Structure formats: C-alpha cells, structure tokens
Amino acid sequence: MFKVLAVFAVTLTVTATSVAGQAKAGCQSNCGNTSIPYPFETGSTDCNISKRFFIRCNTSFNPPKAFLTTSDIEVLHISLNGYLRIQYSVGYDCYNSSGSAYYFYAGFRLSKFLISHTRNKFTAIGCDTYAYVEGFTGRTYSTGCVSFCYDVADLVNRSCSGIGCCQTALPKGVTDYELSFDSYWKHSKVLSFNPCSYGFAVEDGAYSFSVSDLSNINFSKRKFPIILDWTIGNQSCMEAKMDVDNYACKQNSDCIDPENGRGYLCKCLHGFQDINECETLKPCSGTCHNLPGSYNCSCPKGFEGDGRKKGTGCNPKVKQHFPVLVGTLG
Ligand SMILES: *[C@@H]1O[C@H](CO)[C@@H](O)[C@H](O)[C@H]1NC(C)=O
Ligand SMILES: *[C@@H]1O[C@H](CO)[C@@H](O)[C@H](O)[C@H]1NC(C)=O
Ligand SMILES: *[C@@H]1O[C@H](CO)[C@@H](O)[C@H](O)[C@H]1NC(C)=O
Ligand SMILES: *[C@@H]1O[C@H](CO)[C@@H](O)[C@H](O)[C@H]1NC(C)=O
Ligand SMILES: *[C@@H]1O[C@H](CO)[C@@H](O)[C@H](O)[C@H]1NC(C)=O
Ligand SMILES: *[C@@H]1O[C@H](CO)[C@@H](O)[C@H](O)[C@H]1NC(C)=O
Ligand SMILES: *[C@@H]1O[C@H](CO)[C@@H](O)[C@H](O)[C@H]1NC(C)=O
Ligand SMILES: *[C@@H]1O[C@H](CO)[C@@H](O)[C@H](O)[C@H]1NC(C)=O
C-alpha cells in the first residue's frame with residue numbers, strides 16, 4: 001500500500017558547441033565555492049547559448065549556492081570525469097501513538113542525468129520499515145530495503161547490515177528516484193526509540209549508521225550527497241565524431257564513452273583533468289593535496305595544525321619538556 005509520491009521534474013535539453021572544460025568567455029566559472037566548468041553554465045544571460053546544463057546560482061546564500069536548473073537540488077561539485085555531486089533530502093514516514101503522524105516521500109526525475117549505479121547506495125533506517133525506490137525509465141523498476149528490530153540493544157553503530165539499517169544497490173541507467181514506505185505495526189512496538197522510517201540514496205561511504213539517528217526527530221532535516229552521471233548529447237563517440245558541427249571534443253581533448261548511459265565525454269589529452277580545488281580555492285596555508293572531488297591540507301615536518309587558512313594553519317611545534325619522574329622502588 002503506497003502513498004502518493006512527491007516528485008518533481010528537471011528537464012534539460014541541449015546542443016554542445018565547444019570544448020568541455022573551461023567556462024566559456026563571459027560566463028561565470030563558479031558559483032560560491034562550486035566550480036562550474038563548460039558545458040555547465042551559470043550566471044549572466046549572455047551565457048545561455050545552450051540551455052544544456054544550466055546551473056542556477058542563488059546569491060542570497062553566503063557563499064552562493066548552486067542548484068540544478070530550476071529545481072531545489074543543490075549541486076556541490078561538478079567533475080569533468082562525468083559525474084556531479086548533488087545534495088538531496090531524506091524521505092521519511094513518521095508515527096505517533098495514534099498512528100501515522102507525518103511523512104515526506106522524497107523523489108526527483110532527471111531527464112539528462114543518471115543516478116550513478118556504481119557510486120550510490122539506497123539506504124533505509126528504521127525498525128518497522130519497508131522502504132521502496134521506484135521509477136520509470138522506459139521500464140518500471142522497483143527495489144528496496146526491509147529492516148525490523150525490537151530492542152535498541154540489538155543495534156550496532158556503524159553497522160548497516162539489516163538490523164536498523166539496510167543498504168542496497170540502485171539499478172543501472174535510472175533517471176527517476178521516487179520513495180515510498182510501509183510499516184507492519186505502524187512503529188507501535190518501537191515508538192520509544194524509533195518513531196520514523198527513513199530512506200535516502202547516498203554516495204557510497206558518505207553515511208555511517210548511528211543508533212541515535214533512529215530516535216533523532218531532526219534526522220528528517222538531513223541531506224545527503226548523491227552522485228549523478230552526466231554526458232554530452234545522446235550519441236556515442238563514433239557517431240559524434242561524424243557530426244562535425246556539433247562535436248564537442250575539440251583541440252586537446254579526446255572522446256570517451258561513459259560507463260553508464262548514452263552520450264559521450266571529453267577528456268583532456270594532457271593528463272586526466274579534474275577540478276583542482278587546491279588551485280581554485282587555495283584553501284591551505286600548508287601543503288594542499290588535490291583529491292577526487294575534494295582536497296586535504298597538511299603541514300610540513302616540524303609544524304603542527306590543520307594546514308587550513310580558515311583553520312589553525314601551520315605553526316612550529318613547541319618542544320615539550322616532560323618532567324622527569326624521580327622515585328624509588330620499594
Ligand atoms: C566556502 O567558502 C567560504 C568562504 O570563502 C568558507 O568559509 C567555507 O568553508 C567554504 N566551504 C567549503 C565547503 O569549502
Ligand atoms: C538568454 O535567455 C533569456 C531567457 O530565456 C532570453 O531572454 C535571452 O534573450 C537569452 N540571451 C541570449 C544571448 O541568448
Ligand atoms: C534563493 O534562495 C532564497 C532562499 O531560499 C529564495 O527565497 C529565493 O527565491 C532564491 N532565489 C533564486 C533566484 O532561486
Ligand atoms: C499524532 O499525529 C497526528 C497528525 O500529526 C496528530 O493529529 C495527533 O494529535 C498526534 N497524536 C498524538 C498522540 O500525539
Ligand atoms: C553510538 O554513537 C552515538 C553517537 O555517535 C553515541 O552517542 C552512542 O553512545 C553510541 N552507541 C553505542 C551502543 O555505541
Ligand atoms: C531538533 O532541532 C531543533 C531546532 O533546530 C532543536 O531545538 C532541537 O534541540 C533538536 N532536537 C534534537 C533531538 O536534536
Ligand atoms: C538525440 O538527441 C536529439 C537532440 O536532443 C533528439 O532530437 C533525438 O531524438 C535523440 N535521439 C535519440 C535516439 O534519443
Ligand atoms: C592527504 O592526501 C594525501 C594524498 O592522498 C595523503 O597521502 C595524506 O595522508 C592525506 N592527509 C590527511 C591529513 O588526510
């Protein structure tokens with residue numbers, strides 16, 4: 001028995017005309033801390049040659065936040081390796097002693113992006129919980145998680161293997177994500193420590209189960225990162241190369257076929273180029289290490305601190321003089 005799904009649509013259409021990578025001249029290349037590389041576009045109106053991958057930059061936040069087109073899906077990172085990291089709300093189904101109290105069946109529908117089947121997990125937490133993901137991408141798909149438990153003492157932090165927390169893979173090639181829930185006893189047997197069931201797609205590794213999440217009513221306000229796959233157009237590299245006028249990989253870039261879905265990606269020939277936060281944000285006072293989708297800072301030998309400009313930076317280590325314990329053994 002499913003309740004009505006809350007779904008909104010994000011529609012994107014486009015023609016690519018330039019090399020993927022740098023933002024086009026005259027276009028903003030970032031929104032707050034988020035780099036917006038071509039073929040993604042943001043900002044000014046003279047930048048809308050293609051409506052393809054429009055990123056709405058909302059400057060009423062400080063720093064400004066990037067959103068997918070007109071949706072409320074926040075974009076955290078765009079990688080030229082064919083993925084983007086978004087942030088999205090958890091779905092929930094909550095009960096009190098009189099029965100169903102409130103619920104939110106989260107979901108979205110993308111037309112140009114795919115939910116990565118290799119880099120996300122559908123996750124459900126709860127102790128009287130059926131959580132389903134459903135969608136339609138030419139074919140209907142449905143998958144989900146089941147979790148029942150009766151005693152808070154049976155639950156283990158950081159363990160997501162079916163007791164209070166359950167994870168499963170998402171199918172390949174899906175653009176839809178719609179949640180629904182069910183419970184067997186309306187949480188009546190577990191109300192004292194678990195009034196709600198929660199469900200969310202999340203980047204693999206980005207959620208660690210905590211027993212306290214089951215009782216925390218504010219968990220419904222949490223958002224988690226999800227990885228989407230993106231490509232240019234709907235042609236394979238071979239087809240795209242023959243379509244000279246529209247072929248996007250020019251100059252020093254090579255065409256690669258994606259592992260998920262149709263279309264193609266442009267990869268720079270001189271080294272695998274990803275967004276280099278160290279270069280764009282210059283966040284470290286110490287040494288900056290560029291990592292896929294992020295960075296870390298470290299201090300040179302003999303210095304201590306977190307190496308971040310906005311943190312403790314790097315300071316010379318103070319030599320510790322340990323008091324010498326003098327005593328006698330009886
Ligand atoms: C974004 O930039 C602001 C201001 O420069 C900084 O305070 C904040 O920590 C940055 N956020 C991230 C996630 O890097
Ligand atoms: C950009 O898009 C807006 C709204 O669709 C339109 O009014 C404007 O003329 C476009 N600008 C260019 C340069 O295409
Ligand atoms: C920006 O965000 C604020 C606060 O959420 C909202 O009121 C406003 O409509 C948004 N503006 C745009 C252009 O999205
Ligand atoms: C349970 O939730 C419903 C809907 O929000 C509310 O009308 C009802 O008063 C609540 N019952 C109790 C016992 O809190
Ligand atoms: C689980 O983790 C939470 C916070 O992360 C902590 O408060 C709680 O004591 C831990 N519970 C167990 C059983 O380890
Ligand atoms: C939930 O959030 C509200 C408002 O942010 C806060 O006042 C309350 O203490 C939080 N409750 C818990 C259990 O964290
Ligand atoms: C490929 O994209 C073009 C332009 O958006 C569209 O007209 C065409 O129908 C698409 N072809 C297929 C097979 O989806
Ligand atoms: C930062 O990343 C580098 C390169 O992956 C790694 O060797 C180093 O241990 C990391 N440092 C911290 C503090 O995480």
Side-chain angles (χ1 to χ4, degrees), residues 8 10-12 14 18-90 106 108 110 112-113 115-116 119-120 200-203 205-207 221-230 232 265 268 273-297 306-313:
F8 56 88
V10 179
T11 310
L12 299 153
V14 173
S18 185
V19 183
Q22 278 85 22
K24 287 175 97 105
C27 298
Q28 252 174 269
S29 60
N30 60 284
C31 172
N33 294 353
T34 310
S35 293
I36 314 288
Y38 189 82
F40 290 84
E41 296 174 325
T42 190
S44 61
T45 47
D46 46 325
C47 195
N48 57 4
I49 301 106
S50 78
K51 286 279 168 22
R52 188 170 188 147
F53 292 143
F54 182 69
I55 301 291
R56 188 174 90 254
C57 190
N58 191 331
T59 50
S60 55
F61 295 95
N62 185 21
K65 286 184 179 180
F67 295 89
L68 264 191
T69 61
T70 54
S71 73
D72 63 352
I73 301 177
E74 190 184 344
V75 177
L76 300 178
H77 177 74
I78 299 171
S79 164
L80 292 178
N81 295 342
Y83 69 88
L84 67 158
R85 180 178 289 110
I86 59 163
Q87 178 154 270
Y88 192 64
S89 313
V90 304
F108 53 78
L110 310 156
K112 282 285 167 187
F113 300 109
I115 299 167
S116 171
R119 304 182 63 161
N120 298 303
F200 47 98
V202 59
E203 180 176 5
Y207 172 68
K221 294 173 196 154
R222 290 277 297 269
K223 290 186 175 198
F224 287 103
I226 301 176
I227 303 294
L228 304 182
D229 292 326
W230 65 271
I232 298 167
L265 289 162
C268 290
Q273 202 187 48
D274 200 328
I275 292 159
N276 187 336
E277 282 90 346
C278 290
E279 288 290 306
T280 54
L281 301 178
K282 299 197 192 337
C284 305
S285 56
T287 309
C288 188
H289 304 271
N290 189 41
L291 306 170
S294 69
Y295 63 87
N296 75 25
C297 302
D306 63 10
R308 290 171 184 256
K309 283 182 186 162
K310 299 241 156 83
T312 56

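Just so you know, these numbers use all the heavy atoms, side chains as well, and skip hydrogens, waters and symmetry mates. Note that the structure is a prediction, hence the values are computed from the model and not measured.
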Are [X] and [Y] side-chain neighbours, meaning at least one heavy-atom pair lies under 4.5 Å?
X      : Y      : value
Ile55  : Ile78  : yes
Phe113 : Ile86  : no
Asn120 : Phe200 : no
Leu68  : Leu110 : yes
Phe108 : Ile73  : yes
Phe40  : Phe54  : no

Working to the nearest 0.5 angstrom, can you tell me the gap between [X] [atom1] and [Y] [atom2]?
X      : Y      : atom1 : atom2 : result
Ser285 : Lys309 : OG    : NZ    : 7.5 Å
Arg222 : Ser89  : CZ    : OG    : 12.0 Å
Arg119 : Glu203 : CZ    : CD    : 6.0 Å
Cys31  : Glu74  : SG    : CD    : 9.0 Å
Arg85  : Ile227 : CZ    : CD1   : 4.0 Å

Identify the heavy atoms of [X] and [Y] that sit nearest to each other, and give their distance.
X      : Y      : value
Pro63  : Gly32  : CB-CA, 4.2 Å
Cys297 : Asp306 : CB-O, 3.4 Å
Pro225 : Leu76  : CB-CD1, 4.5 Å
Thr59  : Pro64  : CA-CB, 3.9 Å
Arg56  : Ser71  : NH1-O, 3.0 Å
Asp72  : Phe67  : C-CD2, 3.8 Å

Problem set entry | Partners meeting side chain to side chain donor-acceptor pair (under 3.5 Å) with Ser116 (sequence neighbours left out) |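 So Ser116 forms a side chain to side chain donor-acceptor pair (under 3.5 Å) with Thr118.
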Exercise. Between the side chains of Asn30 and Ser35, is a donor N or O closer than 3.5 angstrom to an acceptor N or O?
Worked result: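 The criterion, which ignores hydrogens and geometry beyond distance, is not satisfied for Ser35 and Asn30.
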Exercise. Is the distance between the ring centroids of Tyr88 and Phe224 under 6.0 Å?
Worked result: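 Ring centres of Phe224 and Tyr88 not closer than 6.0 Å.
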